[in-house]
Protein chains: 2
Amino acid sequence: MNECSFIFAADMRIRDENKINSIREKAIEMIVGEGFDGLSMQKLAKAANVSPATIYIYFKNREDLLSQLYNHVQNTFSEVTLDGFSPELSFRDGLWLQWKNRFRFIQEHPLYFQFQEQFRNSPLINQCGVDISDFKSNMKNFVINAVKRGDMKPMEPEVFWSIAYGTLYSLIKFHLNERSMMNNNFTLTDEKMKQAFEMVIKAFKH
Amino acid sequence: MNECSFIFAADMRIRDENKINSIREKAIEMIVGEGFDGLSMQKLAKAANVSPATIYIYFKNREDLLSQLYNHVQNTFSEVTLDGFSPELSFRDGLWLQWKNRFRFIQEHPLYFQFQEQFRNSPLINQCGVDISDFKSNMKNFVINAVKRGDMKPMEPEVFWSIAYGTLYSLIKFHLNERSMMNNNFTLTDEKMKQAFEMVIKAFKH
DNA sequence: AATATAAATGAACATTCATTCATTTAAAAG
DNA sequence: CTTTTAAATGAATGAATGTTCATTTATATT
C-alpha cells in the first residue's frame, strides 16, 4: 500500500509534512488557549503561516480537523502509555507503570492532555469515532489477569478504572492548574504520586 | 439594600424573572448539547423566545453571560452539596454525605454538571472569578477535623481531594455517558457507589 | 528544458456572528 | 386616565465566520 501510493504519487509535488504538523500543533495551541470557539480557520491559517485554503487540502472541514486532532492525540497517548507495558505484569507493577507513563505523557505533551480533557468533556466526543481497540484490549486483559491472580476482587471495569485512574487524573489536573481548587500551588512530585499510589493499592487489597 | 432598590425602582416595569431563567436554562442546554461554539446570542434568543437585545439587558455581553452561568451553577452546587453537612461530622459520615449530595446534584441537575465540567476544562475558567469561599472553608475544616481525630493522616489537600472525590467524579462521568470508555452501559447504583466508597475509606485507613 | 501533477495560494463568497439603537410596550404611581 | 420609568423589541450594523475556486508554484519525471 505504501509503495503503491508512492508509485502513483510519483509525479506529485510532495506533501509538506511540516505544514500539516504546524497546522495541527497551532490548532491544539489555540484550542487550549482560547477554547473551541477561539479556533477559527482563518486565525489558524495565520498562526500556522498557511493559506486558509491549504488547511482544506489536509482536512475536509473544521469538524474533520477537530476529529483528526483528537485522533492524533489519542494515538500519541496510546503509544506513550503502552510503552513497556504488558497485561502480564503484576497488578502492582503494571498499575504503577501506567501511572508513570500517563504522567510522562502529560509532562511531554501538556497541551495534548488539556486538549484531550477539553474534547472529552465537550459534545464533540459523541461525533468522533476514534479506534483505540488495541489500547483497550491491553487494559482489559491486565484487569482480567489481576483478578485471576487474586490481586483484586472482581468488579465492574468502570469501578476499577475510577479508583485506579480517577485519582491520578485528579492529581494531574491539580498539577497543571497552578491556581488549583485549593488556591495554593501544587506540584505533583514522584513522592506525592507514590503516596497516592500506595493508598490506591491499599483500596484494592482484599 | 433590598428596600432601597425597591423604592427607587418603584416606577419601573418589573423584571421578568421567568425570562432571565429561560435565557439561563436554554443557554446551558445549548452549551451542553453543542458546545461553547454552539452557543450564539441569536440562536439563544430564539430558543428562549426573546429578542437578542433582551439578553443584553441582563448580561453585559457573551463573556458575562458565560461567567454568570458558571456562577449560578456553582451556587446551586454549593447549596445542594452543603445540605445537611457540617465539618464536625465524622470522617466516614461526612465523606459519605458529600458523595450522596454530589451524586444527588448531578441527578437533579445533570445539565449543570456537564456544563460545569465543560467550563472547568476550558480556558474560560481562568477569566471567571467565582466566590465559593463558604463552600471551601466547610471542606477545609472537615479535613482539619478528620486529621485532628486521627481518622486520616495529614496530607496535602489536593492528594486528599483526588482520592476522596476523584474516584466519585470518574464514576459519575461513566454514569452520564451511556457509551462509556468501556463501551458498555454503566449505571451508578447506590450499591456500586457504596462499594467504591468502602474502598476509598480503606485507602485512608492508617 | 519541457511536461505533468498536485500542492499551495489569496481573493472572494454567502452566512452568521456579537452588539447596538431608535422605538414600542407594559406596569406602577399620581 | 395620564405620566413616568425601565423592560422589551426588531431591524440593522460591521466584523468575522467556514468554505470555495481560479490561479500560481514547486517538484519529480521525461
Side-chain angles (χ1 to χ4, degrees), chain A residues 2-27 30-31 33-69 122-124 127-128, chain B residues 2-27 30-31 33-69 122-124 127-128:
Chain A
N2 281 336
E3 283 201 333
C4 263
S5 57
F6 254 100
I7 290 168
F8 282 131
D11 269 1
M12 73 184 198
R13 179 176 168 190
I14 221 160
R15 280 199 178 190
D16 190 341
E17 214 52 44
N18 290 343
K19 210 151 274 185
I20 193 170
N21 257 323
S22 170
I23 292 171
R24 220 178 7 223
E25 298 308 315
K26 288 292 175 187
M30 288 174 68
I31 289 168
E34 309 172 48
F36 287 117
D37 44 353
L39 177 85
S40 87
M41 302 304 263
Q42 328 226 27
K43 284 200 293 177
L44 172 58
K46 192 156 285 182
N49 259 316
V50 143
S51 163
T54 304
I55 301 177
Y56 287 85
I57 296 172
Y58 299 106
F59 306 96
K60 222 178 67 193
N61 49 38
R62 200 186 112 110
E63 193 187 332
D64 179 54
L65 166 64
L66 291 171
S67 171
Q68 283 199 44
L69 287 179
S122 85
L124 292 169
Q127 307 160 359
C128 160
Chain B
N2 282 335
E3 283 201 332
C4 263
S5 57
F6 254 100
I7 289 168
F8 282 133
D11 268 3
M12 75 184 196
R13 181 175 167 192
I14 221 162
R15 281 198 177 191
D16 190 342
E17 213 52 44
N18 290 342
K19 210 151 273 182
I20 191 170
N21 256 323
S22 170
I23 293 171
R24 219 176 10 220
E25 298 308 316
K26 289 291 175 189
M30 288 175 67
I31 289 168
E34 309 172 48
F36 286 117
D37 44 355
L39 176 84
S40 89
M41 302 303 264
Q42 330 226 29
K43 284 200 292 175
L44 172 58
K46 192 157 285 181
N49 259 315
V50 143
S51 161
T54 303
I55 302 177
Y56 287 85
I57 295 171
Y58 300 107
F59 306 95
K60 222 177 67 193
N61 49 38
R62 200 185 112 109
E63 192 187 332
D64 180 54
L65 166 65
L66 291 171
S67 171
Q68 282 198 44
L69 287 179
S122 86
L124 291 169
Q127 308 159 359
C128 159

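First the proteins, then the strands, lettered A, B, ... as listed; each starts at 1. Note: hydrogens, waters and symmetry copies are ignored here, and every other heavy atom, side chains too, is used.
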Are any protein N/O atoms closer than 3.5 Å to N/O atoms in nucleotides 20-25 of chain D? If there are, list each pair with its distance.
unit_1	atom_1	unit_2	atom_2	d
D:dT25	O2	A:Arg13	NH1	2.9

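Distance A:Met30 CE to D:dT17 C1': 12 Å, rounded to the nearest Å. Separating the CZ atom of B:Phe36 from the C1' atom of C:dC17 is a distance of 18 Å, rounded to the nearest angstrom. The distance from atom CD1 of B:Ile57 to atom P of C:dT25 is 15 Å, rounded to the nearest whole Å. With rounding to whole Å, A:Lys19 atom NZ is found 8 Å from C:dA7 atom C1'. For B:Ile23 and D:dA7, the CD1 to P distance is 13 Å, given to the nearest whole Å.
Taking A:Lys43 as the reference, A:Met30, A:Glu34, A:Ser40 meet the side chain to side chain contact (heavy atoms under 4.5 Å, CB included) condition, with sequence neighbours excluded.
Closest heavy-atom contact between A:Ser51 and A:Ala45: C-CB, 3.9 Å. Nearest approach of A:Tyr56 to A:Asn61, heavy atoms of both residues: CE2-CA, 3.8 Å. When all heavy atoms of A:Gly33 and B:Pro123 are compared, the closest pair comes out as O-CB, 3.5 Å.
Contact check for A:Leu66 versus A:Ile31: side-chain heavy atoms found under the 4.5 Å cut-off. With contacts defined as side-chain heavy-atom distances shorter than 4.5 Å, the pair B:Met41/B:Leu65 qualifies.
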(message) Could you walk me through whether A:Asn21 and A:Glu25 satisfy the side chain to side chain donor-acceptor pair (under 3.5 Å) test, starting with their C-alpha distance in whole Å, then the side-chain angles of each, then the deciding distance to 0.1 Å, before giving a yes or no?
(response) CA-CA 6 Å; A:Asn21 257 323; A:Glu25 298 308 315; over 6 Å; no
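The side chain of A:Arg62 has D:dT19 as its nearest neighbour among C:dT9, D:dT19, C:dA7.
Annotation: of the two residues near DNA chain D, B:Asn49 and A:Asn61, the 5′-most nearest-nucleotide partner is B:Asn49.
Checking side-chain atoms of B:Arg62 against main-chain N and O of B:Leu39 turns up a donor-acceptor pair under 3.5 Å.
A heavy atom lying under 4.0 Å from DNA chain C marks the following residues of residues 37-46 of chain B, by number: B:Leu39, B:Ser40, B:Met41, B:Gln42, B:Lys43.
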